[in-house]
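These notes are about the structure you will find just below.
First listed ligand is number 1; within each ligand, the first listed atom is number 1. All heavy atoms count here, side chains included; hydrogens, waters and symmetry mates do not.
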Amino acid sequence: MATILDGKAHAEQMLAEVRAGVEARLAQGLRAPCLAVVLVGEDPASQVYVRGKVKACADTGIRSLEHKLPVDTDQARLEALIEQLNSDAGVDGILVQLPLPKGLDAKAALHRIAPAKDVDGFHPVNQGLLLEGLPGHRPCTPSAVMHMLKAYGVPLKGTRAVVLGRSEIVGKPMALLLLEEHATVTIAHSRTVDLPGLCREADLLVAAVGRPGLVEGSWIKPGAVVVDVGINRVEDVALGERIFAAEPRKLETLKTKGGVLCGDVRYGEALEVAGAITPVPGGVGPLTIAGLMQNTLRASQL
Ligand code: NAD
């Protein structure tokens, strides 16, 4: 039976460290770090994420400024706000909640953020610094996953790691961070041939795909460490019956509540094979917000 990598508990620890860092600043007579969060439109999932980030700020002593813009905001208005926040010396970090409403160019907006304030780590300057192994803001999800893997003492040097997914937000930076720790990394994606065979070679498997239950228990090398970044809502009972065959409680929730959250990995099956695994929810999700708080504290120290 696999060890559960408790992302929630580890995130609490990271948040406590941030809280201590904020208190140390205040004790030196410095102001609290400040994160500006920009939300355009009323996407319900984005509202939930923003609420979570604002709450984490409150919990750690970071000041948060919420900027809510209407759904019909144009690119010029959004970028003008970003410029205003860039030049505000009282703001340390800027986060533009994604996805943006149709018609807005997310990349162009993100490129407007001053790299020093880019606490999501999505600006090309920060991505370039990551590629070069130089200090800069690292994307929150992969950097927090690394923080947790190190805390659990997961061996990284020389480890055969497979990262499923090649997004700029998770897959690519995750692979680079693992490479920095001397893992031997393969990035797999939608065009990869023989995904199950490749996964079976991995001592460390990171799934960041967004396909519920894609990774079957039989794809996992016995004893491997599995990090499941995917967050998917399943409402289709037929799909649920397939992917939750080894998780009767999840299937029950799906049937009674009409939907259930799950990762990219078939957790029940994986538990029997893996050496360690992150659950969904309660695994990587809470870590991401903790990574954001860490980046915001760091931004205030620049
Ligand atoms: P994305 O859609 O940008 O990228 C998905 C990647 O998966 C792509 O590179 C694609 O090539 C690959 N892919 C798609 N289908 C595949 C298949 N059948 N086999 C192999 N690879 C395939 O997604 P993203 O932004 O990287 O997010 C991935 C997942 O992680 C989503 O479920 C998202 O909700 C979740 N996520 C979670 C957190 C968190 O805090 N836990 C943070 C970010 C993203």
Side-chain angles (χ1 to χ4, degrees), residues 5-12 14-15 43-46 48-53 55-56 95-100 106-107 110 119-122 127 130 138-149 161-178 185-202 205-216 219-220 226-235 239 242-243 259-267 277-295:
L5 298 174
D6 190 342
K8 206 162 166 232
H10 187 73
E12 282 303 325
M14 288 171 72
L15 290 173
D43 176 58
S46 293
V48 171
Y49 288 134
V50 165
R51 271 205 297 279
K53 290 167 187 177
K55 183 180 176 301
L95 179 145
V96 175
Q97 184 63 46
L98 301 178
L100 290 173
K107 269 213 162 138
L110 296 177
V119 283
D120 256 340
F122 296 160
Q127 302 253 358
L130 167 61
R138 307 301 198 220
C140 305
T141 305
S143 68
V145 166
M146 294 302 291
H147 199 276
M148 182 185 68
L149 291 177
V162 171
V163 178
L164 299 184
R166 56 176 163 184
S167 73
E168 260 103 58
I169 294 173
V170 192
K172 282 187 200 168
M174 186 77 238
L176 287 169
L177 289 171
L178 287 167
V185 188
T186 304
I187 305 178
H189 46 79
S190 51
R191 316 280 169 87
T192 296
V193 176
D194 187 18
L195 205 54
L198 183 68
C199 290
R200 267 181 223 116
E201 292 176 16
L205 180 63
V206 181
V209 176
R211 300 274 181 277
L214 173 77
V215 178
E216 302 175 21
W219 296 21
I220 296 168
V226 179
V227 175
D228 193 352
V229 181
I231 302 178
N232 312 292
R233 186 174 159 81
V234 174
E235 294 178 354
L239 172 65
R242 247 190 1 262
I243 64 175
V260 72
L261 281 187
C262 72
D264 292 339
V265 178
R266 298 189 188 187
Y267 184 72
I277 186 167
T278 58
V280 179
V284 176
L287 287 173
T288 297
I289 291 190
L292 175 67
M293 297 301 112
Q294 266 191 340
N295 280 356

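- Atoms CD1 and OG1, on Ile187 and Thr192 in that order, are 9.5 Å from each other to the nearest 0.5 Å.
- Applying the side-chain contact (heavy atoms from CB on, under 4.5 Å) test to Val280 and every residue at least two apart in sequence or in another chain returns Asp228.
- Contacts of ligand 1 (protein heavy-atom distance under 4.0 Å) are Thr141, Gly165, Arg166, Ser167, Val170, His189, Ser190, Leu195, Ala208, Val209, Gly210, Arg211, Leu214, Val229, Gly230, Ile231, Asn232, Val284, Gly285, Thr288.
- For Pro139, the side-chain contact (heavy atoms from CB on, under 4.5 Å) partners at least two apart in sequence or on another chain are Phe122, Leu130, Pro142, Pro173.
- Taking CD of Gln294 as the reference point, atom CE of Met14 lies at 3.5 Å (rounded to 0.5 Å).
- Under the side-chain contact (heavy atoms from CB on, under 4.5 Å) criterion, Arg242 pairs with Leu239, sequence neighbours left out.
- Between the CG atom in Asp194 and the CD atom in Glu201 there is a gap of 8.5 Å [rounded to 0.5 Å].
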